[in-house]
Number of protein chains: 2
Amino acid sequence: MTKTANKTRRAQPREVRREQLIQATIKCIARHGLSGVTMGRVTREAGLSMGIANLHFESKEKLLLETLKLVTEEYAAGQTEILTSGDYPSTAARIEALLAFDFNQNVADKNKLAVWFAFLGEAKSRPTYQRICSRQDSLAEEKITALFQLALDEAGDKKADAGLLAAGYIALVDGLWLNSLVDPRRLPWKKALRAARQFLASALPQHISLPPG
Amino acid sequence: MTKTANKTRRAQPREVRREQLIQATIKCIARHGLSGVTMGRVTREAGLSMGIANLHFESKEKLLLETLKLVTEEYAAGQTEILTSGDYPSTAARIEALLAFDFNQNVADKNKLAVWFAFLGEAKSRPTYQRICSRQDSLAEEKITALFQLALDEAGDKKADAGLLAAGYIALVDGLWLNSLVDPRRLPWKKALRAARQFLASALPQHISLPPG
DNA sequence: CAGCGCTGAATGAACAGTCATTCAGTGGTT
DNA sequence: AACCACTGAATGACTGTTCATTCAGCGCTG
């Protein structure tokens, strides 16, 4: 009969709780680093009790894996959309869309990038992380290679190698994200985008031009 | 074999022990990830007793910081040598040297890269790591910008921006290292080098040519 | 044999995971 | 509509474990 008023405890469907906990995990990783994530911090961030994370995910490890998976798949889905959609009028437009996507603040959200790089830092020694990170990357690389090959063909460029260009673009985006994340003052977001654009402009001058727009 | 085996434990000067422990730490980070590093593992790897790491470094945190510092400074020293030495006959030769340096297996040793990225993954939430990683990077970026500016001037290129080119090159190298480390099968070392060369060849065609050599 | 570099068992703090208990919500009964 | 019985989601004190750090003593070495 006592009023437990201020904290109404309400049952929620499994999926709602899981989502809540994953979002809290993303914030915790961004704020404290992967090694600073504890079950206590995650559940406090979510405004729930200690035990609940183990109720909905079996263990801390599984919660972390689900978090990585969510971030990875979200990115891959958006990228695949651009690379396979039939809606682009030209190769140039598709490449522009890819660039805009990679430097869209909603996609490349600071917290999610922090999650991504936190896991990559540990990936070398954790095959499970490695697998999740690599899985869709291979597929993406193939598609980007095909896209750049098309552009090179259209331009009549017989010297440049599309595979190297794709590997370079992917690595460049990773590197720009990373540098921008670690020290945003040295590499502001806008400068990162312009650096990527200049890369594409010098490799594919007939498709991408220097001044944005 | 004596009682404590053929590895006779002998008193060593402070610097020798510190170096030994840092090398062991590098191996442990590469093998187990930053979160998998324990004092027990480090000292076992070094063939010494548990307490010794706290004797020569005050704490685990300080041992890790010294390790990061060593790796960072080693790289910065080599790079600075190339960027400031008077020994290069041409701008092109200096750029070639920079490229060769960045993809020299001894410099970009797998274990040291693993250390570098392990710390970067945590850097966003640890100002101390961030400072160490960024410190010399700013200086390097300035020097690389100057080098590329010189090359652009020599080529009469008035469109490309040397600052963006430098930021791009630095990010590209980071990204290629990272991708190659996480999944060497998808991005073998040689392919990474060729991707970097193609980047420079397309931005500075008069200085760097496509076929290696 | 004195002093110093080193050892490793001991200590306590932090943490993941468990589980007995609580209670909001639901459906059945009158 | 009011009451009650029941369910299982949610809680948080508790447990066992892992790990950094300490320190009393050991054995080289000069």
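Chain A is the first sequence line, chain B the second, and so forth, proteins listed ahead of strands; every chain is numbered from 1. This structure is a prediction, so every number in the text was calculated from the model and none was measured.
A donor-acceptor pair is defined here as one N or O able to donate and one able to accept, closer than 3.5 Å; no such pair exists between the side chain of A:Ser134 and the backbone of A:Arg131.
B:Arg44 has its CZ atom 13 Å from the C1' atom of C:dG8, to the nearest Å. Regarding A:Gln20, its CD atom lies at a distance of 12 Å from the C1' atom of D:dA10, rounded to whole Å. When rounded to the nearest whole Å, the span between CG of A:Leu65 and C1' of C:dA16 equals 16 Å. Atoms CZ (B:Phe57) and C1' (D:dA20) sit 15 Å apart, rounded to a whole Å. Across the protein-nucleic acid pair, B:Glu15 atom CD and C:dG5 atom C1' stand 15 Å apart, rounded to whole Å. In this entry the distance linking CG of B:Leu55 with P of D:dT21 reads 13 Å, nearest Å. Remark: P of D:dG12 and CG of A:Leu48 are 10 Å apart, rounded to the nearest angstrom. Taking atom CG of B:Leu63 as the reference point, atom C1' of D:dA20 lies 12 Å away to the nearest angstrom.
Nearest to the side chain of B:Asn54, among C:dT7, D:dA10, D:dT22, sits D:dT22. Of the candidates C:dC6, D:dT21, C:dG17, D:dT21 carries the atom nearest the B:Lys60 side chain, counting heavy atoms from C-beta on. Side-chain proximity of A:Ser49 to the nucleotides C:dG8, C:dT7, D:dA10 is greatest for D:dA10. With C:dT7, D:dA10, C:dG8 as the candidates, the nucleotide lying closest to the side chain of A:Ile52 is D:dA10. Checking D:dA10, C:dG8, C:dC6 against every side-chain atom of B:His56, the shortest atom distance belongs to C:dC6. For B:Thr38, the side-chain atoms get nearest to D:dA20 when compared with the rest of D:dA20, D:dA10, C:dA16.
Between B:Ala53 and B:Leu21 the shortest heavy-atom distance is CA-CD1, 4.0 Å.
Judged by closest nucleotide on DNA chain C, A:Arg41 is the one of A:Glu58 and A:Arg41 placed further toward the 5' end.
Under a cut-off of 6.0 angstrom, the local environment of CZ in A:Arg14 is crowded, with over 12 non-hydrogen atoms contributed by other residues, nucleotides or ligands.
At its two ends the helix from C:dC1-D:dG30 to C:dT30-D:dA1 runs along axes set 0° apart, each axis drawn from five pairs and the angle rounded to 10°.
Residue-level contact check: A:Met39 touches the backbone only, with heavy atoms under 4.0 Å from sugar-phosphate atoms and none from bases. Backbone-only engagement by A:Val37 is indicated by non-hydrogen atom pairs under 4.0 Å involving sugar-phosphate atoms exclusively.
The cationic group of A:Lys110 does not satisfy the cation-pi geometry with A:Trp177, failing either the under 6.0 Å distance to the six-membered ring centre or the 45° limit from the ring axis.
Residue pairs meeting the salt bridge (charged side-chain N to carboxylate O under 4.0 Å, His left out) criterion with at least one partner in residues 115-124 of chain B, sequence neighbours excluded, are B:Glu122-B:Arg126.
Under the side chain to side chain contact (heavy atoms under 4.5 Å, CB included) test applied with A:Ile95, the options A:Ile144, A:Leu147, A:Ile82 reduce to a single match, A:Leu147.
Here the side chains of A:Thr72 and A:Leu68 are in contact, with some heavy-atom distance below 4.5 Å.
Dashed line: the shortest gap from a side-chain N or O of A:Arg17 to OP1 or OP2 of D:dA9 is not under 4.0 Å.
Between A:Phe199 and B:Phe199, the ring planes are parallel. Angles under 30° get that label, and only those over 60° would be called perpendicular.
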